[in-house]
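Whatever order the structure lists ligands and atoms in, that order sets their numbers, starting from 1.
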Amino acid sequence: MERYQMLIDGKFVDAESGETRPTFNPATEEPIAEVPVATKGDAKRAVEAARKAFDSGVWSGLSPKERAAILYKVCDKLKERDSELSRLEAMDGGATIRKTTMMDVPVGIEHFRLLVEMGEKIPAYEPLPWVDFPYVSWNFVNREPIGVCAGIIPWNFPFMMTIWKVAPALIMGNTAVLKPASDTPLTALEFARCAMEAGLPDGVLNVLIGAGSVVGKELCTSPLVDKVALTGSTETGRNVMKMAADTVKKVTLELGGKSPSIVLEDADMDLAVDGALFGTFFHAGQVCESGTRCFVPASIYDEFMARLKERVGRIKLGDTLDFETTMGPVVSKTQYDTIMKYIEIGKSEGARLVCGGGRPEGFAKGHYIQPTVFDGVDNGMRIAQEEIFGPVLSVIKYEFVDEAISMANDSIYGLGGAIFSKDLPRAIDLAKRIRTGTVWINDYHLINALAPFGGYKQSGVGRELGPHGLLEYTQVKHIHVDLTQDRSKRFWYDYIFND
Ligand code: NAD
Ligand code: MN
């Protein structure tokens with residue numbers, strides 16, 4: 001079994017305590033590798049290394065073009081090893097090889113490249129035309145890196161989340177400390193290898209494997225860290241925000257969701273049914289923006305549900321390393337138990353189980369759960385309000401579109417959502433009324449590196465990706481340049497002089 005080390009200050013090292021733990025394959029429940037368990041001391045050393053690297057100017061002092069040249073080499077290294085990365089991503093987190101080969105790894109690398117390309121073009125100089133008084137003073141903004149940026153990521157998309165945290169931080173001139181989730185550390189460590197092979201200077205990227213309560217806490221409280229970006233649960237987001245408050249760090253939070261898919265009467269039935277199912281069951285529902293509440297009009301309800309039931313039956317659970325498998329297990333026993341608990345809650349709340357609801361037959365090992373659909377769901381039920389983070393869809397019947405929109409918005413979350421309709425102008429009007437950071441029309445889950453992604457309400461703070469996401473890794477400095485150099489023109493100095 002391979003024993004991994006973590007990256008601190010340009011070196012791959014064990015934890016100072018020497019402690020390690022196995023990481024498991026959720027499909028087989030077998031251990032697949034040993035990883036270090038970082039201590040608070042390890043976290044401090046990583047943060048100090050990132051601080052030193054930032055303050056030295058070895059990275060922030062390079063031009064965007066010079067930084068990009070190194071980062072493109074990281075992309076090339078990742079690409080050379082894409083099939084190995086896809087396999088590892090599938091084995092560590094329980095994603096299907098179909099998904100990691102088609103999506104996580106190639107799309108992750110593509111996001112990396114696009115973020116670097118975009119970041120490279122963001123000018124440091126930003127004019128302020130409305131306060132430019134050319135004969136008196138010249139005012140402009142200089143975009144600067146923030147400093148040491150910590151990234152704390154979850155287990156659902158370990159490779160993609162690594163890229164979302166590291167690429168924007170580094171291209172904008174910051175240094176980074178990344179903490180993957182303990183269940184899925186491997187592709188982040190492989191990413192670190194590629195980064196060092198590509199010639200990233202020591203300390204610019206550090207990757208720590210350890211507990212949120214130890215390593216995550218140190219990253220959120222250290223006075224040497226300038227920003228924390230978390231993807232994780234809303235509960236962790238609240239904690240991170242509180243911890244970051246003591247040193248007034250910048251935070252970007254991408255948190256939970258309970259996103260709506262709203263089907264309109266005129267929707268293309270094939271597109272809407274498969275879209276709603278893709279929205280929910282992609283990666284066994286372990287996606288923050290999953291469309292876990294599907295609103296269906298009464299007039300087409302029976303036809304929609306008949307078709308939906310038939311299509312759910314086509315989702316194929318199986319060995320994650322088999323290309324034919326379209327849905328894998330959930331990530332851990334803990335997650336499995338939580339989802340099963342919610343299925344029981346749904347039943348006891350009076351929702352009707354349309355299909356699924358338990359372990360599939362023929363799986364002796366692995367945290368597998370059947371794709372599960374409830375109908376007769378009331379939007380006030382716990383299964384419609386709380387994030388389950390598993391393969392469970394709640395179908396809610398509606399009479400009028402206004403009613404669907406108001407139920408869609410009746411949630412503490414506001415991450416994603418979809419509208420299925422042939423009437424695009426109407427769909428766009430409705431999309432504007434949904435209080436979430438992304439709305440897809442006649443599609444789902446298409447996250448684009450060029451467009452901002454993030455949450456309204458308790459789904460988060462700030463944005464990732466796109467120009468908006470890159471700017472969150474910069475500081476805005478106003479520079480005022482007096483152009484007269486003439487004391488006699490300084491009547492405001494006379495606020496303190498009377499001669
Ligand atoms: P989690 O919140 O438990 O953990 C996320 C990360 O935060 C992990 O690396 C964990 O170690 C760390 N962490 C936990 N407690 C911490 C603390 N007190 N201080 C600092 N760091 C801490 O979530 P999870 O179980 O890994 O992932 C599933 C959850 O993440 C889901 O609820 C989902 O809603 C959310 N999620 C959101 C998005 C998004 O983009 N909005 C994406 C993926 C997952
Ligand atoms: Mn694992």
Side-chain angles (χ1 to χ4, degrees), residues 4 21-35 38 43 88-95 150-158 160-162 164-165 178-188 208-222 225 228-244 251-259 283 285-290 292 320 329-335 338-339 367 386-390 413-416 436-438 445 447 453-465 469:
Y4 279 81
R21 73 188 282 274
T23 175
F24 294 88
N25 179 342
T28 61
E29 300 179 45
E30 299 293 333
I32 53 174
E34 284 283 325
V35 291
L88 208 54
E89 185 79 338
M91 287 175 69
D92 202 9
I152 302 178
I153 59 176
W155 42 257
N156 56 349
F157 289 85
M160 186 80 93
M161 291 298 117
T162 295
W164 285 18
K165 298 295 180 269
L178 179 76
K179 193 203 86 65
S182 305
D183 282 335
T184 54
L186 300 184
T187 46
L208 291 165
I209 310 301
S213 56
V214 179
V215 174
K217 184 175 173 199
E218 181 60 26
L219 297 178
C220 295
T221 53
S222 167
V225 173
V228 181
L230 165 82
T231 297
S233 61
T234 293
E235 189 53 40
T236 303
R238 288 185 197 107
N239 286 332
V240 164
M241 211 169 181
K242 279 180 200 153
M243 287 189 283
V251 291
T252 306
L253 306 174
E254 300 283 359
L255 310 174
K258 196 75 198 177
S259 299
H283 197 28
Q286 304 167 108
V287 188
C288 49
E289 81 275 4
S290 282
T292 46
T320 49
V330 299
V331 73
S332 62
K333 181 69 166 64
T334 312
Q335 199 66 14
T338 307
I339 297 161
H367 311 301
E386 298 175 23
E387 183 176 57
I388 301 174
F389 224 63
Y413 297 114
L415 195 54
T436 68
T438 299
H445 285 313
I447 291 177
F453 177 72
Y456 280 36
K457 300 191 261 181
Q458 294 188 37
S459 287
V461 174
R463 291 293 180 269
E464 290 189 296
L465 308 180

Whether Lys258 side chain and Glu386 backbone form a donor-acceptor pair below 3.5 Å: yes
Donor-acceptor contact present, side-chain Thr23 to main-chain Asp183, <3.5 Å: yes
Quick one: does Gln286's side chain have a donor or acceptor within less than 3.5 Å of a partner on Val331's backbone? yes
What distance do Glu254 atom CD and Glu289 atom CD have between them, rounded to the nearest 0.5 Å? 10.0 Å
Looking at Lys457, I'd like to know if its NZ atom is crowded, meaning that more than 12 non-hydrogen atoms belonging to other residues, nucleotides or ligands lie closer than 6.0 Å. yes
Residue pair Phe157, Trp164: steps toward the ring pair (Phe, Tyr, Trp, His ring centres under 6.0 Å) verdict: CA-CA 10 Å; Phe157 289 85; Trp164 285 18; 8.3 Å; no
Contact check, side chains of Asp92 and Thr187, non-hydrogen atoms, under 4.5 Å: no
When rounded to the nearest 0.5 angstrom, what distance separates CD in Gln458 from CG in Leu253? 11.5 Å
Residues in contact with ligand 1, criterion: heavy atom under 4.0 Å: Ile152, Ile153, Pro154, Trp155, Asn156, Lys179, Pro180, Ala181, Gly212, Gly216, Lys217, Leu230, Thr231, Gly232, Ser233, Thr236, Met243, Glu254, Leu255, Gly256, Cys288, Glu387, Phe389, Leu415, Phe453
First locate atom CE of Met161, then atom CG of Leu230, and finally report the distance between them rounded to the nearest 0.5 Å. 11.0 Å
Counting only protein N/O/S atoms, those under 2.8 Å from the Mn ion (ligand 2) total 5
